[in-house]
Participant: 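Let me begin by handing over the structure; questions about it come next.
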Amino acid sequence: YRIVFKETDDQPAGKWGAVHAAEAKQPLGPYKLLPEPIIKNERVEGPALALIGGKTLLYVDYYVNHRYGARETSDWKSWRDVSAETKVVI
C-alpha cells in the first residue's frame, strides 16, 4: 500500500512543503517514508494518485499558477513530469 502527502508550507519564509510517499504492507500501516520526496521546492497542493495502465500518476495543483500538473512512475523511485502531456478539463 502506498500513500502520498504534502508537508506544510511556511509561506512567509518562502518555503514550500515537499510531497512525500510512504508504503506499508497493510492499509492501516505502519507506513515507512520513502527516502526521497516526489516533489520539493515547488508550490503545489492536493496530491492525488491514479493507477493507469501499470503506471502510477500523481496529480497536483499548482494553485498559484492556475494549472494542474502530473508526474508518472512505474517504480516509485524515478518520476517523470508529464504535465505537458496531461489534459485536465474543468
Participant: Between atom CZ of Arg80 and atom CG of Leu57, what is the distance when rounded to the nearest 0.5 Å?
Facilitator: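 CG of Leu57 is found 9.5 Å from CZ of Arg80.
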Participant: Taking atom CD as the centre, does Gln26 end up with more than 12 heavy-atom neighbours from other residues, nucleotides or ligands that are less than 6.0 angstrom away?
Facilitator: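 Open.
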Participant: Going only through I, L, V, M, F, W and Y residues with side-chain contacts under 4.5 Å, is there a path from Tyr68 to Tyr59?
Facilitator: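 Result: no, two separate clusters.
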Participant: With rounding to the nearest 0.5 Å, note down the distance linking CZ in Arg67 to OG1 in Thr86.
Facilitator: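 Answer for the CZ-OG1 pair, Arg67 versus Thr86, is 11.0 Å.
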Participant: Looking at Lys55, is its backbone amide N or carbonyl O close enough to the side chain of Ser74 to form a donor-acceptor pair, meaning the two atoms are under 3.5 Å apart?
Facilitator: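 Answer holds: no.
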Participant: Testing Val64, Asp61, Val60 one by one against Arg43 for a side chain to side chain contact (heavy atoms under 4.5 Å, CB included), which residue passes?
Facilitator: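 Result for side chain to side chain contact (heavy atoms under 4.5 Å, CB included) with Arg43: Val64.
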Participant: Say you draw a straight line from CD of Glu36 to OG of Ser78; how long is it, rounded to the nearest 0.5 Å?
Facilitator: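 Output value for this atom pair is 12.5 Å.
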Participant: Atom OH of Tyr1 and atom CG of Leu28: how far apart are they, to the nearest 0.5 Å?
Facilitator: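 One gets 9.5 Å once the value is rounded to the nearest 0.5 Å.
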Participant: Group every Ile, Leu, Val, Met, Phe, Trp and Tyr by side-chain heavy-atom contacts under 4.5 Å, then state whether Val19 and Trp79 land in the same group.
Facilitator: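 Val19 clusters together with Trp79.
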Participant: According to a hydrophobic-cluster definition based on side-chain heavy atoms being under 4.5 Å apart (Ile, Leu, Val, Met, Phe, Trp, Tyr only), do Tyr62 and Leu49 belong together?
Facilitator: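 Yes, same cluster.
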Participant: Check for me, please, whether Val44 and Tyr63 land in the same ILVMFWY cluster - side-chain distances under 4.5 Å, paths through other members count.
Facilitator: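 No: no chain of side-chain contacts under 4.5 Å links Val44 to Tyr63.
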Participant: What is the distance from atom CD of Glu42 to atom CG of Asp81, rounded to the nearest 0.5 Å?
Facilitator: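 Those atoms lie 7.5 Å apart.
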Participant: If you measure from NZ on Lys25 to OH on Tyr31, what distance do you get to the nearest 0.5 Å?
Facilitator: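 If we round to the nearest 0.5 Å, Lys25:NZ and Tyr31:OH are 13.5 Å apart.
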Participant: Applying the 4.5 Å side-chain criterion to the ILVMFWY set and letting contacts propagate, would Leu58 and Trp76 be lumped into a single cluster?
Facilitator: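 Same cluster.
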